[in-house]
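This report concerns only the one structure given below.
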Amino acid sequence: MSDKSNSTASPSAPDGTRAVVTRFAPSPTGTLHIGGARTALFNWLYARHTGGKFLLRIEDTDRERSKPEHVTAILQSLTWLGLDWDGEPLYQFARADRHRAVAAELLAAGNAYKCYLSPDELAAMRARAEAEKRAYVVESPWRDADPASAPAGVKPTVRLRTPRVGETVVADQVQGRVVIPNKDLDDMIILRSDGAPTYNFAVVVDDHDMGVTNVIRGVDHLTNTARQTQVYNAMQWSLPAFAHIPLVHGADGAKLSKRHGAQGTDEFRAMGYLPAALRNYLARLGWSHGDEEIFSTEQAVAWFDVADVGKSPARFDFAKLADLNGHYIRQTAVPELLVHLTACLKGIDALDIGVITADKKAPPRPDLALMQELATLRPDLKTGSDLLAALQLAGTDRISAAIPSLQERARSLPELATGMLYLVAQRLLQLDEKAQKLIDADARRAIADLVALFAASPTWEASALEGIVRTYAEVNGLKLGKVAQPLRAALTGRAVSPPVFDVMAVLGRDEALARLKDQM
RNA sequence: GCUCCCUUCGUCUAUCGGUUAGGACACCAGAUUUUCAAUUUGGUAAGACGGGUUCGACUCCCGUAGGGAGCGCCA
């Protein structure tokens with residue numbers, strides 16, 4: 001991409017219109033925000049829908065805050081989400097010479113000028129504007145001053161010479177026609193005094209050079225677009241189509257932030273959401289296709305259009321995400337689920353269990369719930385990786401055997417793992433309060449009777465074991481629950497678990513009998 | 001403060017001047033059930049407010065209120 005960055009025309013689509021090129025342009029100052037993930041998703045969906053290209057640009061011009069590890073993390077998150085990009089990511093900082101060259105063109109054509117206003121002078125102007133309750137609009141005296149009168153030894157910024165009268169119109173595919181009077185738009189700085197290009201300028205040059213036809217980004221960039229439009233006009237470049245999508249808010253309606261429990265895509269992975277579920281949820285947040293709620297990525301690609309994106313901000317609803325996630329967990333085949341589970345457990349390593357649990361209004365953290373449960377059952381296991389190792393010790397075939405009965409009740413991967421804890425529990429099992437209550441004198445007698453019957457069973461299949469218990473209950477005039485619940489308590493240490501006979505089958509004859517005998 | 005944007009059940013949304021205002025999540029109740037889920041049946045629940053325009057407004061216009069975003073030599 002970058003080697004032919006001066007090309008202005010994008011390839012033509014078969015029908016003669018320009019082929020669509022979208023881009024996602026994160027700045028690597030942190031991990032991928034969930035709102036950014038949605039922006040990326042919309043760009044990706046639109047590109048795939050139209051058969052166009054989805055490009056990536058790393059906006060790393062802030063040398064202080066940009067970090068290579070953030071680039072890696074962002075790319076990993078996009079990959080995890082299944083959003084593949086075309087070509088190599090473009091690094092904005094590497095293109096500073098090109099940006100300066102365009103600035104020089106603008107200067108030569110008289111569309112930009114050198115401004116010798118100092119930061120102090122600007123601060124004073126802003127303070128005055130605030131005091132007089134006016135909008136802060138810089139009117140540089142250098143716009144029309146004689147360059148010869150420039151102060152010696154002062155490095156100027158370069159400002160765009162923008163129209164003083166009239167208006168700049170953004171024809172937005174989501175927001176509609178947004179009109180901003182030019183008098184409210186001051187002459188933006190395109191080159192800092194150190195020669196570094198500014199964001200609003202670099203974006204235009206890059207979008208143009210990359211052949212971007214459709215800019216889909218958050219509404220927080222709407223006013224930037226007016227400024228960027230002025231750059232396009234000054235260079236006589238054709239404008240891309242703009243679509244400014246509403247932001248994602250937390251449950252309280254404020255912009256999504258740390259206080260809402262999670263905002264990084266990596267955190268959602270640790271919480272055990274499947275990429276397919278997150279994709280489905282995110283797509284449905286602000287966009288709709290009739291009454292469709294659950295749809296495959298292929299369907300989303302087939303249906304997606306920026307015209308169907310709403311204008312109002314949407315609140316993030318963890319309950320709905322969890323419901324969707326449960327759906328996708330049930331849909332996923334065991335081997336694939338195992339892959340996701342492994343990755344998820346590894347991600348729980350660094351999490352501090354002590355944090356976050358205080359706020360009642362905070363969204364549920366299945367990962368933390370898992371760790372708390374683990375702390376009571378196996379205090380020796382401290383991290384998700386420890387648990388993973390313990391599970392692997394129990395045997396992959398056992399894990400696989402345990403999954404089918406668990407996946408239909410789990411709404412997240414950590415929940416799935418929580419349901420597996422009976423596998424790694426060690427004798428003597430620590431029964432929780434509810435489980436202890438289930439084991440009374442009657443229960444002990446029943447367990448003793450059943451242990452004898454089980455021991456005599458030629459097979460250890462769930463159906464056979466169930467037959468034994470059903471017959472026993474019937475003969476003794478007991479409800480099945482009266483017998484099955486104590487078994488559950490003895491086998492898992494909990495009053496809630498997957499079906500007991502599945503549990504017994506997964507544990508195997510020796511371990512199951514031993515746990516039962518422990519409670520006689 | 002200034003500029004711009006938004007407003008249908010608790011939440012995400014459908015509706016594109018004529019509907020008993022639909023769906024999904026959540027919630028409540030019933031069925032099913034060895035627990036929890038899953039499944040299934042049913043239920044509660046909405047056009048912010050006030051004016052217009054119109055035979056007729058959730059839908060178009062104006063105002064009010066509430067909410068959001070932007071106002072850097074950050075991105």
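This one's a predicted model, so the numbers in the text were calculated from it and none came from an experiment. Chain naming here is simple, since letters A, B, ... match the order of the sequence lines and numbering starts at 1 in each.
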In whole angstroms, how far is the [atom2] atom of [N] from the [atom1] atom of [X]?
X	N	atom1	atom2	result
A:Tyr328	B:A38	OH	C1'	17 Å
A:Glu292	B:C25	CD	P	14 Å
A:Arg128	B:G1	CZ	C1'	17 Å
A:Ile439	B:U35	CD1	P	17 Å
A:Asp186	B:U3	CG	P	16 Å
A:Tyr472	B:U34	OH	C1'	15 Å

Next on the checklist: I'd like to check the side-chain hydrogen bond (donor to acceptor under 3.5 Å, both in side chains) partners of A:Ser457; sequence neighbours left out, ordered by chain and number.
Outcome noted: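 Counting only residues at least two positions away or on another chain, A:Ser457 forms no side-chain hydrogen bond (donor to acceptor under 3.5 Å, both in side chains).
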Checklist entry - Taking only residues two or more places apart in sequence or in another chain, which ones pass side-chain hydrogen bond (donor to acceptor under 3.5 Å, both in side chains) with A:Arg128? => result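 Residues passing side-chain hydrogen bond (donor to acceptor under 3.5 Å, both in side chains) with A:Arg128: none at all.
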Checklist entry - Which residues in residues 408-424 of chain A have at least one heavy atom lying under 4.0 Å from any atom of RNA chain B? => result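 The answer is A:Glu408, A:Arg409, A:Arg411.
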Determine which nucleotide pairs with [N], using a 3.5 Å limit on both distances of a Watson-Crick or G-U wobble pair.
N	answer
B:A48	B:U64
B:U53	none
B:U39	B:A31
B:A69	B:U3
B:A14	none
B:C58	none

Next on the checklist: What I want to check is whether an N or O donor and acceptor connect the side chain of A:Thr223 with the base of B:C71 at under 3.5 Å.
Outcome noted: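 Check fails, no donor-acceptor contact within cut-off.
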Checklist entry - Do A:Trp287 and A:Phe304 make the cut of ring centroids closer than 6.0 angstrom? => result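 Yes, the ring centres sit under 6.0 Å apart.
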Checklist entry - Can the ring centroids of A:Phe268 and A:Phe316 be said to lie less than 6.0 angstrom from one another? => result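 A:Phe268 vs A:Phe316: aromatic centres under 6.0 Å.
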Checklist entry - Is any side-chain nitrogen or oxygen of A:Ser497 closer than 4.0 Å to OP1 or OP2 of B:C36? => result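 The answer is no; no side-chain N or O of A:Ser497 sits under 4.0 Å from OP1 or OP2.
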Checklist entry - What salt bridge (charged side-chain N to carboxylate O under 4.0 Å, His left out) pairs are there with at least one residue in residues 482-494 of chain A, not counting sequence neighbours? => result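 Of all non-adjacent pairs touching residues 482-494 of chain A, those that pass salt bridge (charged side-chain N to carboxylate O under 4.0 Å, His left out) are A:Glu373-A:Arg494, A:Asp432-A:Arg494.
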Checklist entry - Could you give all pairs that pass the salt bridge (charged side-chain N to carboxylate O under 4.0 Å, His left out) test and reach residues 315-326 of chain A, with sequence neighbours left out? => result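 Every pair satisfying salt bridge (charged side-chain N to carboxylate O under 4.0 Å, His left out) with a residue in residues 315-326 of chain A: A:Glu293-A:Lys320.
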Checklist entry - Closer to the 5' end of RNA chain B via nearest nucleotide, is it A:Asp184 or A:Val138? => result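 Mapping each residue to its closest nucleotide by heavy atoms, the 5'-most match is A:Asp184.
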Checklist entry - For RNA chain B, whose closest nucleotide is more 5', that of A:Asp291 or that of A:Asp308? => result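 The residue whose closest nucleotide sits nearer the 5' end is A:Asp308.
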Item to check | ring pair (Phe, Tyr, Trp, His ring centres under 6.0 Å): pairs with one or both residues in residues 161-207 of chain A, sequence neighbours excluded | outcome: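 For residues 161-207 of chain A: A:Tyr199-A:His221.
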Between [options], which nucleotide gets closest to the side-chain atoms of [X]?
X	options	answer
A:Gln485	B:C73, B:A75, B:U35	B:U35
A:Asp220	B:G70, B:A26, B:G72	B:G70
A:Arg126	B:U34, B:G72, B:A69	B:G72
A:Asp323	B:U35, B:C73, B:C25	B:C25
A:His221	B:C73, B:U34, B:A75	B:A75
A:Tyr199	B:U34, B:U13, B:A75	B:A75
A:Ser288	B:A75, B:U13, B:U35	B:U13
A:Leu222	B:C4, B:U34, B:C73	B:C4
A:Leu247	B:A75, B:U34, B:A69	B:A69

Rounded distance in Å between the [atom1] positions of [N] and [M]:
N	M	atom1	value
B:U54	B:C60	C1'	10 Å
B:G43	B:C25	P	15 Å
B:A14	B:C6	P	15 Å
B:A46	B:A21	P	12 Å
B:C5	B:U64	P	15 Å
B:C58	B:A48	P	10 Å
B:G47	B:G66	C1'	16 Å
B:U40	B:U32	C1'	8 Å

Next on the checklist: Pair A:Arg227, A:Asp186 - check salt bridge (charged side-chain N to carboxylate O under 4.0 Å, His left out), show working.
Outcome noted: CA-CA 9 Å; A:Arg227 300 198 121 89; A:Asp186 55 23; 2.4 Å; yes
Write down the protein N/O and nucleotide N/O pairs, taken from nucleotides 57-61 of chain B, whose separation is under 3.5 Å; answer none if there are no such pairs.
none

For [X], which contact category applies under a 4.0 Å heavy-atom criterion: base, sugar-phosphate, or nothing?
X	answer
A:Asn224	base
A:Ser193	base
A:Thr61	sugar-phosphate
A:His249	sugar-phosphate
A:Pro181	nothing

Excluding sequence neighbours, so at least two apart, what forms ring-ring contact (aromatic ring centres under 6.0 Å, His included) with [X]?
X	value
A:Phe24	none
A:Tyr113	none
A:Trp85	none

Checklist entry - With a 4.5 Å limit on heavy-atom distance, are the side chains of A:Phe242 and A:Val174 in contact? => result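 They are not in side-chain contact.
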Checklist entry - How does protein reach along nucleotides 6-12 of chain B, written 5' to 3' as B (base within reach of a heavy atom under 4.0 Å), S (only sugar-phosphate), or - (no contact)? => result SS---SB
Checklist entry - Who passes side-chain contact (heavy atoms from CB on, under 4.5 Å) against A:Lys183, sequence neighbours left out? => result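 A:Lys183 satisfies side-chain contact (heavy atoms from CB on, under 4.5 Å) with A:Pro181 only.
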Next on the checklist: Give me the atom names and distance for the closest heavy-atom approach of A:Val71 to A:Pro28.
Outcome noted: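 Smallest heavy-atom distance, with atoms named: CG2-CB, 3.5 Å.
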Next on the checklist: Hydrogens and angles aside, do A:Asp220 and A:His244 bring a side-chain donor and acceptor to less than 3.5 Å of each other?
Outcome noted: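 No pair is found: no donor N or O on one side chain lies under 3.5 Å from an acceptor on the other.
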